[in-house]
Enquirer: 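Before I ask anything, here is the structure I am working with.
Convention: sequence-line order gives letters A, B, ...; per-chain numbering from 1.
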Number of protein chains: 2
Amino acid sequence: MMLVKDTVIPYQYEAIHDRIPDAEKSSAVRNFRIAAGLEEGEFHGWVFQDSDVAKWLEAVGFSLHTHPDAELERKADEVIDIVEKAQQPDGYLNTYFTIKEPHKRWTNLAECHELYCAGHMIEAAVAYYQATGKRKLLEVVSRFADYIDTVFGPEPGKLKGYPGHQEIELALVKLYHVTGNEKYLKLGKYFLDERGQAPHYFDKEWEERGQTNFFAEMRTYGKEYAQSHLPVREQKNAEGHAVRAVYMYSGMVDVANETGDKELFDACKRLWDNMINKRMYVTGGIGSLAYGERFTFDYDLPNDLAYAETCASIGLIFLAQRMLRVEADRKYADVMERALYNTVLAGMSLDGTRFFYVNPLEVWPEACDKNHSRHHVKATRQKWFGCACCPPNVARLLSSLGEYIYSANSDTVYVHLYIGGEADLDLGGRKVKLVQETQYPTENKTTIKVALEQEHEFTLALRIPGWCPGAELKVNGERIAIEDVQDDGYAKIKRNWQVGDTVELEMEMPVQRIKAHPLVRENAGKVALQKGPFVYCLEEADNGASLHEIVLPKDALLNSTFDSNLLGGVPIVTAEASRLIESEWSGGLYQADVSETYIKQPVTFIPYYVWANRQVGEMAVWIREESMS
Amino acid sequence: MMLVKDTVIPYQYEAIHDRIPDAEKSSAVRNFRIAAGLEEGEFHGWVFQDSDVAKWLEAVGFSLHTHPDAELERKADEVIDIVEKAQQPDGYLNTYFTIKEPHKRWTNLAECHELYCAGHMIEAAVAYYQATGKRKLLEVVSRFADYIDTVFGPEPGKLKGYPGHQEIELALVKLYHVTGNEKYLKLGKYFLDERGQAPHYFDKEWEERGQTNFFAEMRTYGKEYAQSHLPVREQKNAEGHAVRAVYMYSGMVDVANETGDKELFDACKRLWDNMINKRMYVTGGIGSLAYGERFTFDYDLPNDLAYAETCASIGLIFLAQRMLRVEADRKYADVMERALYNTVLAGMSLDGTRFFYVNPLEVWPEACDKNHSRHHVKATRQKWFGCACCPPNVARLLSSLGEYIYSANSDTVYVHLYIGGEADLDLGGRKVKLVQETQYPTENKTTIKVALEQEHEFTLALRIPGWCPGAELKVNGERIAIEDVQDDGYAKIKRNWQVGDTVELEMEMPVQRIKAHPLVRENAGKVALQKGPFVYCLEEADNGASLHEIVLPKDALLNSTFDSNLLGGVPIVTAEASRLIESEWSGGLYQADVSETYIKQPVTFIPYYVWANRQVGEMAVWIREESMS
């Protein structure tokens, strides 16, 4: 968390101001300055470049909420001043269209991200207002949302459109919460309800603008790409661009939750089940395919070609958090934890300055260079991206992590994640402070101290992770039988809590051999290791090249230790594996009736999230396992 | 062979005349009619569309050589008349440039295939002349070659260019052979010598034509794409577009052979070794990557993403045949046989009317449809292609197969392939007829009868294939110890051959378990079956879906039989394998410490070349093998 505040946010501030040497130019702030009339020049970057500024502001808001910092706040205020000046008299705010094509507003919703950028600025405004109480940006986005509401809607003369990249739906629900203005909730719901209806809006606007495309490849992507192939309530499988999908599903849960729309929530559950049970990597990555950054079909999860965009796993966390609000079932929190501790953490280097967009489960660096089908897979994190959606998304997630650890309703406090720190929670007006002390998941023990102004009765619900084979729970040193109090994966302790009550949870955290469903053909005959929420991998730095030559015997002992000298200190798993000896190979490329020689080799597994923090080399999550004898 | 004459050639005649319903339109003959002034219209098709007509004419030539057919010859003469009329007064012949851009001749050698099409028409003319003695097309191409010789060469004022797609080099050597005109040999050598020199010709012409490209993606392909990254003598690895590579290497061998250029032949040997020992599929397919239809790097041989274009394996056969002419080593014939009996035969359906362009070693049909990275892989053969290089290439190879079975020099007749039929061979002026009787490779016995006008001494060299663990050889019933007469993989019988002498060769042909080199990571832990020259595969039709769930035990008995009811009669291999039972899986997508249930399942392997002749389904060449215990 301090890494985000001290390194990531300042680094990204420099990046959006084009001050990182050798990194791809952003121009994001400069575009706002030009649109504001503060500078002369041309728009530069993607049509959605504005969202990088919004995501940075949102991350700052989250950070200031927990760690006030006058200098950072001053910088953010400066940026907000520029954003405000870039807003047009009618409330419109988008630097691409303002600078380059002012007459083409709202003519290409499918591709041009106006509503997407609006959504991110709304989220930023809400976070910044909640942290600082300052209303300037909130007023900017409210004016913008009011204007959008005059453009879109069921009334005659308004456009019946919806965003090509979903995001504004969930943002409008946030704006509704902060302002109390139901118009925003209604507009978010409208965008969802209109989506995928016939005749298709994206076809209609395409005809109207003369059958032109902003991105040439877009016409080949199909309607599934932006989840507009069917009305949202009728969608059954997680299809298309993975980030769009989980942002949309998040908005659907929000609207369903606010409006009590069971049909809409059932659609979310169905989509969740398909995605989690058939289309997710063991690292919590989603989206198997680079082309369209999308889902493909059930059980198609190639390791070396994976896309598994960092942003998609962040969106998955957004979704899981919202599902939990409606239905406190551990299965949502398990996925949230899986995505967070594996793909999302892997998305950033240990020093916080380099990022992965794509998160493969297997890497052969030479293939990334020389085989174009793996051109999207990088063996090293990059400083910044021309399309820089992921780095600021990591920042805004990690700086708001508090919102994912707990949730509360009128009589229950849920603990979803085990992360040390203090939290102030509101149980229908009653304040509860929880102080969590833990080194989880490096260690398996968590202590939670309950701080109250006065005693009162409520339920404290502690998640017992799905991976956990057994746990011990104590309140003030007295053991509680988890099986007696467990419900939907949470140990629920209902009592009249006293000031200073202490809860201790100790989870068994063995190294586990994970197998994938038999239909995941990429993993046939292979095994992955997991300990607690961490999925492990082999790296060339520890185990030599040609990781495919390593076979893990079924009965190999898996030793779990903490290596304080490695990568700043990480848990590792060591084992005695077997390795095929290349030098014994006597044939050519193909050889009949050859006998292969294997020798014993000690191997070291490291958590997936720390891979690629040393020299460039191979990596593999799924390892060949000795097959049945 | 009769399939080619009776089905493939007539079918392709209809195809190039646009008479196949539902097949992609060719327009290849129509383009010639338009260029000839016989019809009004626009050029249609690829810039190299002319080559489809040339390859069809060449196939006809080969077919008429062995099977005279007045009606077919009449059709070919009609086409040749049109071709002749399309030739321009100065000798130029290319319908694209004649119809569309007459002022742009020779301005884009890198992309526009003028010399490639010229090469194919030269090859057609030579084959047609050799079959029929008719000189019309030969005179057309001679005038064209004479004209090309005025355009290209070292002399001042001539272009210092060379083709973007190699082909004319080997064609010019053929023209030199038929005409005796050394100018053609010299021009072929010039094109090779000039290639890859600095400054780079393709850059120069690109600048001169205003930095435009015919194919947008071409600028991203790099100089290796067309093997112009280095002078040909300095090239060490098989790089770039696989068809271009093997066509060029074939031309290099031809020129080296004609001119005694050892340095050039050494380059061919080096390139051969790299290609065969590090970059070839077990099916004799080459070119791992769809993007650029190209080689990637050593040991990068993905099965499901393979490109392995049919034309590339045909070119590999051309090359192997030429290597054999210079150096009669069985290793070349082994590769020729591997490519022929696997990839090339698989390139065509059993009924001769459908074709594969891409020849994968593993297919999951749903992935071909829904995962764009496999969009080039088809689970069914197609009727014709917009870019129809492969079907007529198969036809011209199979109709000229006689040229690959034998070769002869002044004192030795080599038998490279075991295919029944008669052949007239010339041993430095002496005529020898060989009559080969065999059902190889379905059966393992071959009888060769020597027919001579009078007895004379020469060596009959019979290839003992590299895959063959033992063989028995008899002359007139009398056994000859192969080990005593074997040299470079050929059993060489030198004797004073008598009229009616009979040689019998019986080869052990066990089913063999093939392993790939340890560095081929796609095949780690997997095995392929081969029997004689046939590589085998599993198909869903015989073994059910989810072939990845099948594991072949190391000690499984492999039973080889002939199934006369299957696919018109094919050799099959059956075995008792194990299969993972999906229904026993009790977890979700990922499950800890699960025990997997395997049951025995009989499996049936079929030769690779007959795959995809039934319903659409999965196919796999490399099968998981039980790993070491």
Side-chain angles (χ1 to χ4, degrees), chain A residues 276-280 282 288-292 296-297 299-302 305 364 366-367 369-373 375 467 469 512-522 524-525 528 530 546-549 551 578 580-582 585 587-594 596 598 624-629, chain B residues 276-280 282 288-292 296-297 299-302 305 364 366-367 369-373 375 467 469 512-522 524-525 528 530 546-549 551 578 580-582 585 587-594 596 598 624-629:
Chain A
I276 301 309
N277 293 323
K278 295 179 177 167
R279 304 188 179 193
M280 180 185 71
V282 70
S288 308
L289 185 62
Y291 181 81
T296 56
F297 60 102
Y299 303 112
D300 181 42
L301 294 160
L305 292 169
W364 186 13
E366 196 172 4
D369 290 343
K370 297 179 182 169
N371 185 315
H372 185 266
S373 60
H375 72 284
W467 52 256
Q512 293 175 314
R513 286 170 178 266
I514 306 293
K515 301 291 275 185
H517 188 282
L519 289 175
V520 183
R521 59 192 64 207
E522 295 278 340
Q530 186 174 339
S546 293
L547 298 176
H548 64 281
E549 294 174 351
V551 179
S578 296
L580 178 64
I581 299 308
E582 257 168 69
W585 179 262
L589 189 50
Y590 303 104
Q591 194 65 26
D593 304 319
V594 70
E596 296 170 313
Y598 282 79
R624 287 168 58 203
E625 191 183 36
E626 186 190 356
S627 64
M628 77 289 166
S629 50
Chain B
I276 301 308
N277 294 322
K278 294 180 177 166
R279 303 188 179 193
M280 180 183 71
V282 70
S288 309
L289 184 63
Y291 182 82
T296 56
F297 61 102
Y299 303 113
D300 181 41
L301 294 160
L305 293 169
W364 186 13
E366 197 172 4
D369 290 342
K370 297 179 181 169
N371 184 315
H372 185 265
S373 60
H375 72 284
W467 52 257
Q512 293 175 314
R513 285 170 179 265
I514 306 294
K515 299 292 274 185
H517 188 284
L519 288 176
V520 183
R521 60 191 65 206
E522 295 278 342
Q530 186 173 338
S546 295
L547 297 176
H548 65 280
E549 294 174 351
V551 179
S578 296
L580 178 62
I581 299 308
E582 260 169 66
W585 179 262
L589 189 50
Y590 303 105
Q591 195 65 25
D593 304 319
V594 70
E596 296 169 314
Y598 282 79
R624 287 167 58 202
E625 192 182 36
E626 188 190 357
S627 65
M628 77 290 165
S629 51

Enquirer: Which of the residues A:Ala290, A:Gly588, A:Ala516, A:Ser546 is involved in the greatest number of heavy-atom pairs with chain B at under 4.5 angstrom?
Expert: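 Looking at each option in turn, the highest pair count goes to A:Ala516.
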Enquirer: Which one, A:His375, A:Lys515, A:Arg513, A:Glu582, leads in non-hydrogen pairs under 4.5 Å with chain B?
Expert: A:Lys515
Enquirer: With only heavy atoms counted, which part of A:Glu366 is less than 4.5 Å from chain B, the side chain, the backbone, both or neither?
Expert: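 For A:Glu366, backbone and side chain are both near chain B.
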Enquirer: Heavy-atom pairs under 4.5 Å with chain B - which of A:Lys370, A:Arg521, A:His372 has more of them than the others?
Expert: A:Arg521
Enquirer: Which heavy atom of B:Leu301 sits nearest to which heavy atom of A:Tyr590, and what is that distance?
Expert: CD1-OH, 3.7 Å
Enquirer: Give the minimum heavy-atom separation between B:Gly525 and A:Arg624, together with the two atoms involved.
Expert: CA-NH2, 3.3 Å
Enquirer: Among A:Ile581, A:Ile276, A:Leu305, A:Leu580, single out the residue with the greatest number of heavy-atom pairs under 4.5 Å to chain B.
Expert: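 The answer is A:Leu305.
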Enquirer: Let me know if B:Gln530 has heavy atoms under 4.5 Å from chain A in its side chain, its backbone, both or neither.
Expert: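 Neither part.
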Enquirer: To the nearest 0.5 Å, what is the distance between OH (B:Tyr291) and CG (A:Asn371)?
Expert: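 So the OH of B:Tyr291 and the CG of A:Asn371 are separated by 11.5 Å.
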Enquirer: Run the ring-ring contact (aromatic ring centres under 6.0 Å, His included) test against B:His548 and tell me which residues pass, sequence neighbours left out.
Expert: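 None.
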Enquirer: Nearest 0.5 angstrom please: B:Gln512 CD to A:Asp593 CG, how far?
Expert: 5.5 Å
Enquirer: List for me each residue that meets ring-ring contact (aromatic ring centres under 6.0 Å, His included) alongside A:Trp585, sequence neighbours excluded, and say none if there are none.
Expert: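 Testing A:Trp585 for ring-ring contact (aromatic ring centres under 6.0 Å, His included), a comparison that skips the adjacent residues, returns B:His517.
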Enquirer: Can you confirm if the aromatic rings of B:Trp364 and A:Phe297 lie within a centre distance of less than 6.0 Å?
Expert: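 Between B:Trp364 and A:Phe297, which both carry aromatic rings, the centre distance is below 6.0 Å.
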Enquirer: If we define contacts as heavy-atom pairs under 4.5 Å, which of A:Thr296, A:Leu519, A:Asn277 has the most with chain B?
Expert: A:Leu519
